[in-house]
Amino acid sequence: MPELPEVESLKRLLARSIIGRTIVSARINEPRLRRAVAADFAAAVSGRRIEKLRRRAKYLIIDLSGGVSLLGHLGMSGSLTYRDARFVPDKFDARHDHIQFQLDDGNALVYNDPRRFGLLKLLPTVELESSVELAALGPEPIGDSFDAAYLAKTARGRKAAIKNLLMDQRVVAGIGNIYAAEILFRAGVRPTRRAGRLKRIELERIVEATAPILRAAIDGRGTTFRTYRDSSGRPGDFVTRLQVYGRAGEPCYTCSTTIRSTTVGQRSSFYCPTCQR
DNA sequence: CTTACATCCTGATTGC
DNA sequence: TGCAATCAGGATGTAA
């Protein structure tokens, strides 16, 4: 499930290969993603040079020559791989290679997404900020205005579970189910606690736990991230460092208490009943 | 404004 | 064994 660390890892890996390349042509095999890919998409990207890669929340932004940008979101199961167009790595089903960009180095940039929850759209670079996707996003969780004062102000009076608040992209942008669980474990706060009821010190611990968790995940190339040209589908290293996510029934690494799972806001949640209060 | 919940989709897993 | 039901989940749209 691509969250901020996975998208950041993807951005860094792809940047090495595709910056400076020109898109010779594009082919749309399946336009029906979360929103249908525009009919003129292929023609509109062809001939443009890839200038820069950026990330905002869980969105990947590919700036192209001529003042336009590709705004991409991997949804649940999307992947963007740089590879020989004729070669489909084991982990990818060619049926889900929905969009292919042929590059001037002979390789291709391929968007594969079995569940089609993703997004790929082209828009003028100057309109990115005001786009429906990016306009309402909250601060980045690292190196932005996400601090205890901000979280306290946002949480005030809110009945929603703190985990839902952390996953709300308007509150803080880029955190999903996995990292919300890990951040709350590190902060020692149960995911079910109502946001408005948390003490200042707890909010501070949550903010302080956020950057280290995300940074460690980025360093490990994410949790479920698959390397962009490795056909083995090797998962990101952070999967081995998860403290609670997906560990229901297993002992807590800190206190040996059995990790529990529960449902918070329609999503599976994991926590240690001893370490998190 | 806030919260709750259904919806999109396919593949993996679980249940009978 | 085989097939059906369930689960997974990011963003969004609708309803309360």
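It should be emphasised that the depicted structure is a prediction, and the values quoted were computed from it without experimental measurement. The basis for the numbers below is simple: all heavy atoms, side chains too, and nothing from hydrogens, waters or symmetry mates. We name chains A, B, ... by the order of the sequence lines, and we start the count at 1 in each one.
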(request) When you get a sec, tell me which of C:dG9, B:dG11, B:dA6 is the closest nucleotide to the side chain of A:Gln266? (result) B:dA6

(message) Counting only side-chain heavy atoms from C-beta out, which of B:dT2, C:dG10, C:dG9 sits nearest to A:Arg158?
(response) B:dT2

(request) Check every strand shown and say whether A:Arg194 touches a base, only sugar-phosphate, or nothing at a heavy-atom separation below 4.0 Å. (result) nothing

(message) Let me spell it out: for each of A:Ala161 and A:Arg34, pick the nucleotide of DNA chain B with the closest heavy atom. Which residue's pick is nearer the 5' end?
(response) A:Ala161

(request) Could you check A:Gly75 against A:Arg35 and say which one's nearest nucleotide on DNA chain C is further toward the 5' end? (result) A:Gly75

(message) Under 4.0 Å, heavy atom to any atom of DNA chain B: which of residues 115-122 of chain A qualify?
(response) A:Arg115, A:Arg116, A:Phe117

(request) Could you go through the side chain to side chain contact (heavy atoms under 4.5 Å, CB included) check for A:Arg48 and A:Thr22 one step at a time? (result) CA-CA 6 Å; A:Arg48 296 186 190 272; A:Thr22 293; over 6 Å; no

(message) In this structure, how many angstroms lie between the C1' atom of C:dG9 and the CD1 atom of A:Ile175, rounded?
(response) 16 Å

(request) Answer yes or no: does a side-chain N or O of A:Lys159 lie under 4.0 Å from OP1 or OP2 of B:dT2? (result) no

(request) Indicate whether OP1 or OP2 belonging to C:dA11 is found under 4.0 Å from a side-chain N or O atom of A:His73. (result) yes

(request) Could you check whether A:Arg95 gets within reach of a base, just the sugar-phosphate, or nothing at all, counting any heavy atom under 4.0 Å? (result) sugar-phosphate

(request) Grab the CE-C1' distance between A:Met167 and B:dT3 for me, whole Å please. (result) 15 Å

(message) Rounding to an integer number of Å, can you tell me how far A:Leu33 CG sits from B:dT10 C1'?
(response) 14 Å

(message) For A:Gln169 and A:Tyr59, which I'm curious about, is there any donor-acceptor pair between the side chains at under 3.5 Å?
(response) no

(request) Give the rounded distance in Å between these two atoms: CG of A:Asp168 and C1' of C:dA11. (result) 11 Å

(message) I want to verify a distance call: between B:dT3, B:dT10, C:dT12, whose nearest atom is closest to the A:Glu133 side chain?
(response) C:dT12

(message) Can you measure A:Asp97 atom CG to B:dT10 atom P for me and round it to whole angstrom units?
(response) 15 Å

(message) For the residue pair A:Asp105 / A:Tyr82, report whether a side-chain donor-acceptor contact shorter than 3.5 Å exists.
(response) yes

(message) Please check: side-chain N/O of A:Asn29 versus main-chain N/O of A:Asp97, any donor-acceptor pairing under 3.5 Å?
(response) yes

(message) I'd like to know whether A:Ile162 forms a side chain to side chain contact (heavy atoms under 4.5 Å, CB included) with A:Ile206, so could you lay out the CA-CA distance, the side-chain angles of the two residues, the decisive distance to 0.1 Å, and finally the verdict.
(response) CA-CA 10 Å; A:Ile162 182 61; A:Ile206 289 167; 3.8 Å; yes

(message) Does C:dA8 have OP1 or OP2 under 4.0 Å away from a side-chain N or O of A:Tyr245?
(response) no

(message) Output the rounded distance in Å from CE (A:Met76) to P (B:dG11).
(response) 12 Å

(request) Give me the one residue out of A:Phe185, A:Tyr245, A:Tyr179 that meets ring pair (Phe, Tyr, Trp, His ring centres under 6.0 Å) with A:Phe270. (result) A:Tyr245

(message) Distance check needed: B:dT7 C1' versus A:Arg32 CZ, whole Å only.
(response) 16 Å

(message) Less than 4.0 angstrom from a charged side-chain N to a carboxylate O is my criterion; do A:Glu204 and A:Arg200 meet it?
(response) yes

(request) Can you tell me the distance, in whole Å, between the NZ atom of A:Lys163 and the C1' atom of C:dG10? (result) 12 Å

(request) Under 4.0 Å between any heavy atoms, over every strand shown, what does A:Ser77 touch: base, sugar-phosphate, or nothing? Just pick one. (result) nothing

(message) If you compare every side-chain N and O of A:His96 against the phosphate oxygens of B:dC9 (OP1, OP2), does one of them come in below 4.0 Å?
(response) no

(message) Could you check whether A:Thr192 and A:Arg190, counting side-chain N and O atoms only, form a donor-acceptor pair closer than 3.5 Å?
(response) no

